[in-house]
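Worksheet for the structure shown next.
Since we're looking at a predicted model, the values are computed, not measured.
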There are 2 protein chains.
Amino acid sequence: MKISELATKSQINAKTIRYYEQVGLLSAPQRASNGYRHYQPGDVDTLIFIRRCRELNIPLDDIKRLVEVQADPNASCAVVDKIIAEQLAQVQRAQRELALLEQSLQTLASCSAEQVEKCSILHKLKAREEAEK
Amino acid sequence: MKISELATKSQINAKTIRYYEQVGLLSAPQRASNGYRHYQPGDVDTLIFIRRCRELNIPLDDIKRLVEVQADPNASCAVVDKIIAEQLAQVQRAQRELALLEQSLQTLASCSAEQVEKCSILHKLKAREEAEK
DNA sequence: TATTGACCTTCCAGTCGCTGTAACCTTTAG
DNA sequence: CTAAAGGTTACAGCGACTGGAAGGTCAATA
């Protein structure tokens with residue numbers, strides 16, 4: 001199949017598919033005599049797998065390792081485990097950071113003053129400076 | 001003061017300070033005869049304000065507007081209000097997304113198999129594909 | 001005085017994961 | 001015959017820095 005069919009079936013932009021090939025995440029497919037990329041049915045599964053991983057925010061480099069590890073049936077599962085565990089840890093870190101961020105933004109509340117001189121938000125942002133000194 | 005002193009006092013990397021000047025967030029300072037940047041004490045406050053905003057994840061373009069609005073005492077406070085509200089909304093959106101992400105990653109659990117053929121994580125990642133079809 | 005090392009300058013490239021654009025070629029339909 | 005749709009490559013841009021190269025300047029020490 002051609003790239004646009006693969007794009008439709010995998011739900012990944014054709015441009016993105018070429019990009020994945022470029023960065024070595026996807027192996028280069030056969031080419032037709034006109035230079036068009038020609039994909040196999042199995043490529044759909046690979047790309048769907050990749051998309052699933054991306055939806056879990058797993059970095060391309062890690063996905064690459066997950067794909068490689070699947071090609072080698074004797075490879076240890078520890079690699080997979082580590083990647084997922086790290087990803088989970090990172091998501092949890094990000095969650096904690098966002099929670100703090102939300103709190104900080106909440107304390108700024110909203111301001112209904114008409115002139116910035118009286119703007120409570122700006123005053124609080126500046127007060128943070130003072131508090132820090 | 002020279003850039004490294006400003007960097008120390010504001011807790012912002014000298015390289016980042018030059019970058020802020022380049023993108024127009026910080027106005028270009030005077031230059032000494034040797035070409036070195038020469039900053040005023042007030043620049044420390046400006047940079048601390050910028051850093052505080054960055055810690056709240058506010059984009060540079062928005063911070064630029066916050067800085068500009070402060071220079072104009074007649075400007076409306078609505079701009080400030082809008083920027084903070086949008087930032088808060090975005091943080092809350094990100095939080096909801098991360099919560100879903102965490103759930104998905106949790107369902108993959110950890111795998112203690114030795115061979116990828118039996119790897120429960122990979123099987124679950126693939127099962128997601130099947131479920132979708 | 002020579003030199004070392006710290007600090008300053010500019011400019012260019014890389015990060016991450018795409019996405020937009022330009023310029024061109026091929027295929028298909030009307 | 002022509003136009004639209006789809007394929008190709010290569011390069012640039014996003015955001016917010018960061019690293020490195022190549023060079024100029026300055027203060028302190030041997």
Side-chain angles (χ1 to χ4, degrees), chain A residues 1-26 28-39 43 46-67 83 86-87 90-91 93-94 97 101, chain B residues 1-26 28-39 43 46-67 83 86-87 90-91 93-94 97 101:
Chain A
M1 76 191 80
K2 284 184 283 187
I3 198 165
S4 66
E5 190 181 341
L6 179 62
T8 305
K9 286 186 174 163
S10 66
Q11 296 276 80
I12 293 186
N13 198 319
K15 208 141 188 149
T16 306
I17 295 175
R18 290 193 200 98
Y19 171 74
Y20 285 167
E21 181 185 331
Q22 189 192 315
V23 297
L25 177 54
L26 204 62
Q30 292 179 342
R31 295 286 184 134
S33 55
N34 55 13
Y36 287 16
R37 286 172 178 80
H38 181 68
Y39 294 96
D43 293 325
T46 306
L47 274 176
I48 288 177
F49 177 81
I50 291 172
R51 175 166 56 77
R52 284 307 190 178
C53 291
R54 282 300 300 138
E55 284 167 3
L56 297 175
N57 251 9
I58 299 172
L60 293 191
D61 273 0
D62 286 341
I63 299 177
K64 203 165 166 179
R65 288 193 285 154
L66 288 179
V67 170
I83 289 173
E86 273 173 6
Q87 189 56 31
Q90 199 216 292
V91 165
R93 245 193 330 273
E97 273 173 30
L101 212 52
Chain B
M1 77 191 79
K2 282 183 285 186
I3 199 165
S4 66
E5 191 181 340
L6 179 61
T8 305
K9 284 186 175 164
S10 66
Q11 295 278 80
I12 292 184
N13 198 319
K15 208 133 193 170
T16 306
I17 294 175
R18 289 193 201 99
Y19 171 73
Y20 285 166
E21 180 185 331
Q22 188 192 315
V23 297
L25 177 55
L26 204 62
Q30 293 179 340
R31 296 286 184 132
S33 55
N34 56 13
Y36 287 16
R37 287 172 178 81
H38 181 68
Y39 293 96
D43 293 326
T46 306
L47 274 176
I48 289 177
F49 177 81
I50 292 173
R51 175 166 57 76
R52 283 306 190 179
C53 292
R54 282 301 300 137
E55 284 168 2
L56 297 175
N57 251 10
I58 298 172
L60 293 191
D61 273 0
D62 286 341
I63 299 176
K64 204 165 164 177
R65 287 194 286 154
L66 288 179
V67 171
I83 289 172
E86 274 173 7
Q87 188 55 32
Q90 199 217 292
V91 165
R93 244 191 333 271
E97 274 172 31
L101 210 54

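Looking at heavy atoms from C-beta onward, Gln87(B) lies in side-chain contact with Asn57(B) at the 4.5 angstrom threshold. Residues Tyr20(B) and Leu60(B) have side chains in contact (heavy-atom distance under 4.5 Å, counting atoms from C-beta outward).
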Exercise. For nucleotides 4-9 of chain D, read 5' to 3', which letter fits each nucleotide if B means a protein heavy atom sits under 4.0 Å from the base, S means only the sugar-phosphate is that close, and - means neither?
Worked result: --BSBB

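Side chain of Arg51(A) to main chain of Ser10(A): a donor-acceptor pair is present (N/O by atom type, distance under 3.5 Å, no hydrogens or angles).
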For this session: Show your reasoning for whether salt bridge (charged side-chain N to carboxylate O under 4.0 Å, His left out) applies to Asp61(A) and Lys64(A).
Result: CA-CA 5 Å; Asp61(A) 273 0; Lys64(A) 203 165 166 179; 5.1 Å; no

For this session: Begin from the C-alpha positions of Ile50(A) and Leu26(A) and carry the test side chain to side chain contact (heavy atoms under 4.5 Å, CB included) through to its verdict.
Result: CA-CA 9 Å; Ile50(A) 291 172; Leu26(A) 204 62; 4.3 Å; yes

For this session: Show your working on side chain to side chain contact (heavy atoms under 4.5 Å, CB included) between Tyr39(B) and Lys9(B) and close with a plain yes or no.
Result: CA-CA 12 Å; Tyr39(B) 293 96; Lys9(B) 284 186 175 164; over 6 Å; no

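Rounded to an integer number of Å, the gap from CZ of Arg54(A) to P of dC16(C) is 11 Å. For the pair Glu21(B) CD and dT18(D) P, the computed distance is 17 Å after rounding to whole Å. Note: CD (Gln90(A)) to C1' (dC16(C)) measures 12 Å, nearest angstrom. In this structure, CD1 of Ile50(A) is placed 12 Å from P of dG17(C), rounded to the nearest angstrom. The CG-C1' distance, from Asn57(B) to dA16(D), rounds to 11 Å in whole Å. Put simply, CD on Gln22(B) is 14 Å from P on dT18(D), counting in whole angstrom units. Going from atom CD1 of Ile17(B) over to atom C1' of dT9(C) covers 15 Å, rounded to whole Å. Atom CG in Leu25(A) sits roughly 14 Å away from atom P in dC16(C) (whole-Å rounding).
A salt bridge is defined here as a Lys NZ or Arg NE, NH1 or NH2 lying under 4.0 Å from an Asp or Glu carboxylate O, and Arg18(B) with Glu21(B) fails to meet this definition. Salt-bridge annotation for Lys2(A) and Glu5(A): absent, with no side-chain N of the basic residue lying under 4.0 Å from a carboxylate O of the acidic one.
In this model, the phosphate group of dG15(D) is not approached by any side-chain N or O of Tyr19(B) to a distance below 4.0 Å at OP1 or OP2.
Nearest heavy-atom pair, Pro29(B) versus His38(B), reported as atom, atom and distance to 0.1 Å: CB-O, 3.5 Å.
Distance from the side chain of Leu60(B) is smallest to dC17(D) among dC17(D), dT18(D), dT19(C).
The rotation axes computed at either terminus of the helix from dT1(C)-dA30(D) to dG30(C)-dC1(D) lie 30° apart, taking five pairs at each end and rounding to 10 degrees.
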